[in-house]
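Below is one structure; the comments refer to it alone.
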Amino acid sequence: MKVVVHQPSYIPWRGYFDQIRRADLFIFYDDVQYDKRGWRNRNQIKTHGGKRWLTIPVHARGAQQGIAIKDIRIDWSRAWNEKHLRALTSTYGKSPCFDAYVSWLDSLYHRRDELLADFTIRLTMDIARRIGIKNTRFMRSSELNGVTGQKTERLLRILQLVGAKHYITGPSARNYIVDERFAAAGITVEFLEYRYPDYPQLFPPFDPFVTILDLMFMVGEDALEYIRVREAETYDAK
């Protein structure tokens, strides 16, 4: 079974969904420490003036105390949802496929999830289905019992508990993955190299490192083709 373990993120880029596409089981790594300046609560859109951050405000005091991702609460006092919806509408309102997503966006940004992970995980799963990823199963690492250890040991324990035989991860994982430990556990490792074709964008030059929504609004039902046209190179641990 092919498994991905990845922290939940807010409207991730297409490389994240490539990992989802390739996995039999995608595990949201939600019981590790929240990284305040990471991608858990923010991402970027491409505007006529350059990149713009969309950030979900959270209760920072808890974030500073080393709280787990799954326990981070959204700060609803700032009406961030209306701001994000307006930003997406003003930026992409004239994109070829935006109208197909208007009602979905409206319902999305009028949900009132208390926890950040509840919002971002549901959104990620919804996007995956909307772009045609039908067979991948999802779960949260916090649903598993008996997970112990730190870093590699903890990751291996998760993979063993779900019966993984093949672990898929991004290229940066080469810096800390110890092949021998995975091989000893009977798990092969695949490191993706993100090589995707360009697609039309409203505001050139092309920038691949923006939220998946940019791709969806531009190409609609063809989005998945721009994630899988160029198959990434792989490396299997011996």
Side-chain angles (χ1 to χ4, degrees), residues 2-26 28 38-40 42-54 84 87-102 104-105 108 120-121 123-138 166-175 177 188-236:
K2 298 178 181 179
V3 178
V4 171
V5 182
H6 206 306
Q7 295 174 339
S9 300
Y10 177 44
I11 47 176
W13 80 301
R14 58 178 165 169
Y16 194 105
F17 289 91
D18 189 14
Q19 292 195 30
I20 294 175
R21 177 183 71 84
R22 293 168 181 266
D24 298 311
L25 174 64
F26 187 96
F28 292 101
W39 301 95
R40 302 324 123 219
R42 63 179 187 163
N43 220 305
Q44 294 178 316
I45 59 174
K46 197 169 188 294
T47 74
H48 61 86
K51 285 185 177 181
R52 173 179 173 178
W53 285 101
L54 297 183
H84 288 201
L88 291 169
T89 301
S90 63
T91 300
Y92 294 105
K94 295 182 179 180
S95 62
C97 303
F98 183 80
D99 288 348
Y101 298 101
V102 169
W104 170 65
L105 284 175
L108 162 69
T120 58
I121 288 174
L123 174 55
T124 298
M125 292 191 296
D126 194 9
I127 291 175
R129 300 309 186 215
R130 285 179 177 272
I131 64 175
I133 301 173
K134 304 297 185 183
N135 298 322
T136 302
R137 294 183 293 112
F138 296 96
H166 188 73
Y167 174 57
I168 302 170
T169 187
S172 62
R174 292 181 185 273
N175 298 325
I177 290 290
T188 56
V189 181
E190 178 180 346
F191 298 99
L192 299 185
E193 297 295 338
Y194 302 119
R195 298 179 178 179
Y196 307 119
D198 294 357
Y199 60 89
Q201 284 185 334
L202 291 178
F203 312 108
F206 181 78
D207 187 338
F209 301 110
V210 290
T211 167
I212 187 73
L213 294 180
D214 186 270
L215 176 62
M216 293 169 64
F217 296 156
M218 294 304 299
V219 303
E221 294 181 354
D222 293 330
L224 195 58
E225 298 303 317
Y226 289 89
I227 294 174
R228 66 185 179 192
V229 169
R230 296 180 184 176
E231 291 293 336
E233 293 180 356
T234 64
Y235 168 80
D236 289 337

Original post:
If you look at every heavy atom in Gly220 and Cys97, which pair is closest and at what distance?
Top reply: N-SG, 3.4 Å
Subject >> Distance-minimising heavy-atom pair for Pro171 and Tyr194 >> reply: CD-CE1, 3.3 Å
Subject >> Minimum-distance pair of heavy atoms, taken over all atoms of Pro200 and Val219 >> reply: CD-CG1, 4.3 Å
Original post:
Is the backbone of Ile11 close enough, under 3.5 Å, to the side chain of Thr211 for a donor and an acceptor to pair up by distance?
Top reply: yes
**OP:** Provide the closest heavy-atom pair for Thr124 versus Pro12 in the form atom of the first, atom of the second, distance.
**Re:** OG1-CD, 4.0 Å
Subject >> pair Leu224-Phe17: side-chain heavy atoms closer than 4.5 Å >> reply: no
Subject >> Stepwise side chain to side chain contact (heavy atoms under 4.5 Å, CB included) check, Ile227 with Ile133 >> reply: CA-CA 11 Å; Ile227 294 174; Ile133 301 173; 5.8 Å; no
Original post:
Between atom NE2 of His48 and atom OG1 of Thr91, what is the distance when rounded to the nearest 0.5 Å?
Top reply: 7.0 Å
Original post:
Are the side chain of Ser90 and the backbone N or O of Ala87 linked by a donor-acceptor pair below 3.5 Å?
Top reply: yes
Subject >> Salt-bridge criterion met for Glu190 and Lys2 (N-O under 4.0 Å) >> reply: no
Original post:
Should Leu54 and Ile45 count as side-chain neighbours, where that means a heavy-atom distance under 4.5 Å?
Top reply: yes
Subject >> Phe138 CZ to Ile121 CD1 distance, which is reported to the nearest 0.5 Å >> reply: 10.5 Å
Original post:
Any sub-3.5 Å donor-acceptor pair from Arg14's side-chain atoms to Tyr226's backbone N or O?
Top reply: yes
**OP:** Say whether Gln201 and Asp214, considering side chains only, have a donor N or O and an acceptor N or O under 3.5 Å apart.
**Re:** yes
Original post:
How many angstroms lie between atom CG of Leu88 and atom CG of Leu108, to the nearest 0.5 angstrom?
Top reply: 9.0 Å
Original post:
Cut-off 3.5 Å, side chains only: do Tyr16 and Gln7 have a donor facing an acceptor?
Top reply: no
Original post:
If every non-hydrogen atom of Thr120 is compared with every non-hydrogen atom of Ser9, which pair is closest and at what distance?
Top reply: CB-O, 3.5 Å
**OP:** With rounding to the nearest 0.5 Å, note down the distance linking CG in Leu215 to CD1 in Ile131.
**Re:** 7.5 Å
Original post:
Considering all heavy atoms of both residues, which atom of Gln19 and which atom of Ile168 are nearest to each other, and what is their separation?
Top reply: OE1-O, 4.1 Å
Original post:
How would you list all residue pairs meeting salt bridge (charged side-chain N to carboxylate O under 4.0 Å, His left out) that involve residues 125-138, not counting sequence neighbours?
Top reply: Asp126-Arg130
Original post:
Mind checking whether Tyr196 and Trp13 have parallel, tilted or perpendicular rings, split at 30° and 60°?
Top reply: perpendicular
Original post:
With sequence neighbours left out, what residues match Ser95 under side chain to side chain contact (heavy atoms under 4.5 Å, CB included)?
Top reply: Tyr92, Phe98, Leu202, Phe217, Met218
Subject >> Partner of Leu192 under side chain to side chain contact (heavy atoms under 4.5 Å, CB included), chosen from Asp18, Val4, Thr169 >> reply: Asp18
Original post:
Given the rule in the side chain to side chain contact (heavy atoms under 4.5 Å, CB included) test, do Glu225 and Tyr199 qualify, once you have shown the distances and angles that lead to the verdict?
Top reply: CA-CA 10 Å; Glu225 298 303 317; Tyr199 60 89; over 6 Å; no
**OP:** Under the side chain to side chain contact (heavy atoms under 4.5 Å, CB included) rule, collect the residues that match up with Arg42, sequence neighbours excluded.
**Re:** Arg37, Trp53, Thr55
